[in-house]
Amino acid sequence: MRRAALRLCALGKGQLTPGRGLTQGPQNPKKQGIFHIHEACSPIHVNHVRDKLREIVGASTNWRDHVKAMEERKLLHSFLAKSQDELPPRRMKDSYIEVLLPLGSEPELREKYLTVQNTVRFGRILEDLDSLGVLTCYMHNKIHSAKMSPLSIVTALVDKIDMCKKSLSPEQDIKFSGHVSWVGKTSMEVKMQMFQLHGDEFCPVLDATFVMVARDSENKGPAFVNPLILESPEEEELFRQGELNKGRRIAFSSTSLLKMAPSAEEGTTIHEMFLSTLDPKTISFRSRVLPPNAVWMENSKLKSLEICHPQERNIFNRIFGGFLMRKAYELGWATACSFGGSRPFVVAVDDIMFQKPVEVGSLLFLSSQVCFTQNNYIQVRVHSEVASLQEKEHTTTNVFHFTFMSEKEVPLVFPKTYGESMLYLDGQRHFNSMSGPATVRKDYLWNPRNTTFVEN
Ligand SMILES: CCCCCCCCCCCCCCCCCC(=O)SCCNC(=O)CCNC(=O)[C@H](O)C(C)(C)COP(=O)(O)OP(=O)(O)OC[C@H]1O[C@@H](n2cnc3c(N)ncnc32)[C@H](O)[C@@H]1OP(=O)(O)O
């Protein structure tokens, strides 16, 4: 219970469970002495991250050159390793990067990040995190003798993003940091943190875990990544967390409601909800009446359509994962807003799986609905599917899960059909998936006195 509440508390109070809080936990290499700040490079300006990525993969700046650029990438095939053992191991500090988003010192940047409520657009932050995650992986796999990388690194999963502040100021500098924390054969886990300037200190505002997958130069098949060498007990702990995360993901997916029946407890929940919607005046399973302060799930939906223009392409001429996240997030936010009737704040994002790439030119159909609520919390699921202009067939590319907190208590959401009941339980599982001691922090705002974090 109270996943979101816990996440907020943990960062605020410094009572972190192992493997969580990048602020003070072992995920922050600088704080834990995994390596020292002077060993890390100075922050990259946010505008240079994409330029760097473009340089690393040799992507075209003009759409008309994209075929030629891809042809050139084919030549990089010979640089791909035949096995992981051929590749030199890398340290966590080799991939460590800091990125500066100088909203305070460069006001001209603000417009792009600004909401009408004078906060920072979280959708834009999702885009930046995605680009940073990919750049971090390129640092890990850097071939020092070559300018371009033979790898195509794609986002496979946003494992989780925890917010520790209700809203961010569009007038203070933001800093991101990230590094590879675990590697498999072709996949890598990346830990990222975000800080905002508060007085003269950068205070933690968000932590994130992404999984990236390396593909060959043409993004057609898997490619090996450099192994990771662990240099301290803290790094060993981080790596162990990566292993545990992998196990947890497998367990979560093997008990998916798409594969298995709900548990007895979940079955009871659904049946009780069903009974509470039967009309007591008629002895019938068919006449359903909505309980007070509740909304039918089918009435909580919003849909949108995007045309995937070349401008939104990533370095491999597919649609940029960050763009997909931004669009899904904004629709999810609007869904939570119209459902709850007050301004919602995102508190957690989890388990965004990028199942299939989205081709430039596709039609992207996003469908969002509230699938679970509790007190002030709204769990929103956004389903995205694509169709090409020529073919009518729709293919699912992503499912997004967002947890919002509303300013006031929200209605309950009631499923009517069996399918909706499964969505409800899935939403509940996502909401509960990071449970722990439920010390709800009433004051949602970041309090710098509650943290021991000090920027080096
Ligand atoms: C105005 C000027 C414009 C200029 C343009 C130039 C560009 C400008 C710059 C643009 C911005 C730059 C940002 C760049 C960002 C690029 C990132 C993206 O956007 S990417 C776009 C968004 N992303 C996409 O489009 C990706 C779409 N998805 C896919 O392509 C595939 O699902 C897949 C490749 C991710 C996996 O394929 P699958 O057949 O399953 O592969 P395998 O079975 O072979 O397994 C390989 C490894 O993957 C693991 N693994 C797999 N799944 C998961 C998971 N869920 N969870 C965890 N792990 C997972 C699995 O365990 C195994 O690991 P290991 O044991 O080997 O270590």
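Whatever order the structure lists them in is the order used to number ligands and atoms, beginning at 1.
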* To do: Evaluate the 4.0 Å heavy atom contact test for atom 38 (P) of ligand 1: does a protein atom fall under the cut-off?
  => no
* Asked: What are the atoms of ligand 1, with element, lying closer than 4.0 Å to any heavy atom of Phe320?
  -> 13 (C), 15 (C), 19 (O)
* ligand 1 atoms in contact with Val134 (distance to a heavy atom under 4.0 Å) -> 15 (C), 16 (C), 17 (C)
* **Protein heavy-atom partner closest to atom 19 (O) of ligand 1 - residue, atom, separation in Å** => Gly321 N, 2.8 Å
* Asked: Identify the closest protein heavy atom to atom 46 (C) of ligand 1: which residue and atom is it, and at what distance?
  -> Thr186 OG1, 3.3 Å
* Can you list the atoms of ligand 1 that are under 4.0 Å from a heavy atom of Arg215? -> 34 (C)
* Asked: Would you say atom 34 (C) of ligand 1 has a protein heavy atom nearer than 4.0 Å?
  -> yes
* To do: Please could you name the atoms of ligand 1 that Ile319 approaches to less than 4.0 Å, counting only its heavy atoms?
  => 21 (C)
* To do: Sequence neighbours left out, what passes side chain to side chain contact (heavy atoms under 4.5 Å, CB included) with Ser300? Give chain and number order.
  => Met297, Phe339, Gln369, Val370
* **Any Arg318 heavy atom less than 4.0 Å to ligand 1** => no
* With sequence neighbours excluded, what pairs up with Lys220 under the side chain to side chain contact (heavy atoms under 4.5 Å, CB included) test? -> Asp216, Glu218
* Would you say Arg50 and ligand 1 have an N/O pair spaced under 3.5 Å apart? -> no
* When you measure from atom 51 (C) of ligand 1 to every protein heavy atom, which one gives the shortest distance, and what is it? -> Val213 CG2, 4.4 Å
* Sub-4.0 Å protein heavy atom near atom 25 (O) of ligand 1 -> yes
* **Residue and atom name of the nearest protein heavy atom (relative to atom 2 (C) of ligand 1), distance in Å to one decimal** => Thr61 O, 3.7 Å
* atom 67 (O) of ligand 1 [closest protein heavy-atom partner, distance rounded to 0.1 Å] -> Ser187 OG, 2.6 Å
* Note the single closest protein heavy atom to atom 6 (C) of ligand 1, along with its residue, its atom name and the distance in Å. => Arg54 NE, 3.4 Å
* **Min N/O separation Ser131 to ligand 1 under 3.5 Å** => no
* Looking only at N/O atoms, are Lys185 and ligand 1 under 3.5 Å apart anywhere? -> yes
